[in-house]
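See structure below.
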Amino acid sequence: MTSIPATTPTVPPSAASLPSAAVPASEGSDGSQLHAPVTDWFDAHARDLPWRRPEAGAWGVMVSEFMLQQTPVSRVLPVYEQWLARWPRPADLAAEAPGEAVRAWGRLGYPRRALRLHAAALAIQERHGGDVPREHGQLLALPGVGEYTAAAVASFAYGQRHAVLDTNVRRVFARAVTGRQFPPNATTAAERKLARALLPGDERIAAKWAAATMELGALVCTARSPECGRCPIAARCAWKLAGSPPHEGPARRTQTYAGTDRQVRGKLLAVLREALAPVPQAALDAVWDEPVQRARALDGLVSDGLVEPLPGGRYRLPRT
DNA sequence: TACCCGTGGAC
DNA sequence: TGTCCAAGGGT
């Protein structure tokens, strides 16, 4: 659990910046009616996750954020524990070959994240003396750190006041405030504006609010079957008050996987992760029978820096 | 902006 | 069984 105390929100940010249609007039247009119910719910129901414990530190928070990108908590937990035990500081990871990060990433998926986390550790070592930077702009400049991750690290690790907009928060706001079942496909300027307007003015409370809205989206206001009976703001939820209307607009495109280059890349990289020595071409050829696609996938892995080709047609995870 | 990038569990 | 979904980032 986080140690941030539950208190009453202080003076909210400018209500004038909020889109007039976004919040019912009766609510008070700053979202302050939502803060206490959500943060109180968080105090009572938040999961005890290792990266939320004080001993995780900023590095632990950062590692968890990389791993959690598009990946469920349950799959991250064991890899996170092994990772932090092996590389407890950025300098420890920076001293390793990037291929070891890819190997330790295991089957989390999107292995480029492992490469970027390794590159971020190098950058932290070189640019910040081995300490995860505190400033949002410095975080954003690190490899693999985008708008969400920079805000998340600044908020969760350092208790700063940032709008943290992940898929959970976007869904919670879409429903509770905007009255829609799902947020837009891509994050919009209106969503950023709304998130800033709803952010509590007090730094500590804002950080708790960020974690609490994410947790609410992850545990209660879920994509498929929200449990409104357990929601602390159900009585104020614009979508529920409107009768829970179904999603309108373009269907969110469903990504296929079987037969794609991504699947082939995954199979190729799995062979290299398990291998303790350079792998001959024939071992890679065995994972996919279509030679053109297989070659394209391998080329992609090499150009991404995930695979290092050696003389004689052998391959391994990158040493440099 | 739209698309690419892994993996596996839930329904 | 196939679809949907998961704490996004880079290009």
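Every chain is numbered from 1, with letters handed out A, B, ... down the list of sequences. In this text the structure is predicted, and so the values were computed from the model without any measurement.
You'll find a donor-acceptor pair under 3.5 Å spanning the side chain of T71(A) and the base of dG6(B), going by distance alone. A donor and an acceptor atom sit less than 3.5 Å apart, one in the side chain of R75(A) and one in the base of dT7(B).
dG8(B) and dG9(C) are spaced 23 Å apart, taking the P atom of each and rounding to whole Å. With both ends at atom P, the span from dC4(B) to dA7(C) equals 23 Å, rounded to whole Å. Of the C1' atoms belonging to dT1(B) and dT11(C), the separation is 11 Å, rounded to the nearest Å.
Protein atom CG of L306(A) is 14 Å distant from nucleotide atom C1' of dG10(C), rounded to whole Å.
Nearest nucleotide to the R52(A) side chain, out of dC5(B), dA7(C), dA10(B): dA7(C). For Q69(A), the listed nucleotide lying nearest its side chain is dG9(C); candidates were dG9(C), dG8(B), dG6(B). Residue R171(A) has its side chain nearest to dA6(C) when only dG6(B), dA7(C), dA6(C) are considered. Comparing dA7(C), dA10(B), dG9(C) by their closest approach to the side chain of V73(A) singles out dA7(C). Comparing dT7(B), dC4(B), dA7(C) by their closest approach to the side chain of R107(A) singles out dT7(B). Closest to the side chain of R265(A), from the set dC5(B), dG8(C), dA10(B), is dC5(B).
Taking the charged nitrogens against the carboxylate oxygens, R103(A) and E274(A) have no contact shorter than 4.0 Å, which rules out a salt bridge. At a threshold of 4.0 Å, the pair R161(A)-D202(A) does not count as salt-bridged, since none of the basic side-chain nitrogens sits closer than that to a carboxylate oxygen. The pair K208(A)-D43(A) meets the salt-bridge criterion, with a side-chain N (NZ, NE, NH1 or NH2) lying under 4.0 Å from an Asp/Glu carboxylate O. Under the 4.0 Å criterion applied to side-chain N and carboxylate O atoms, R86(A) and D92(A) are not assigned as salt-bridge partners. Under a 4.0 Å N-O distance rule, the pair E308(A)/R319(A) does not qualify as a salt bridge.
Nucleic acid contact for R296(A): none, since no nucleic acid atom lies under 4.0 Å from a heavy atom of the residue. Heavy atoms of S64(A) sit nowhere under 4.0 angstrom from any nucleic acid atom.
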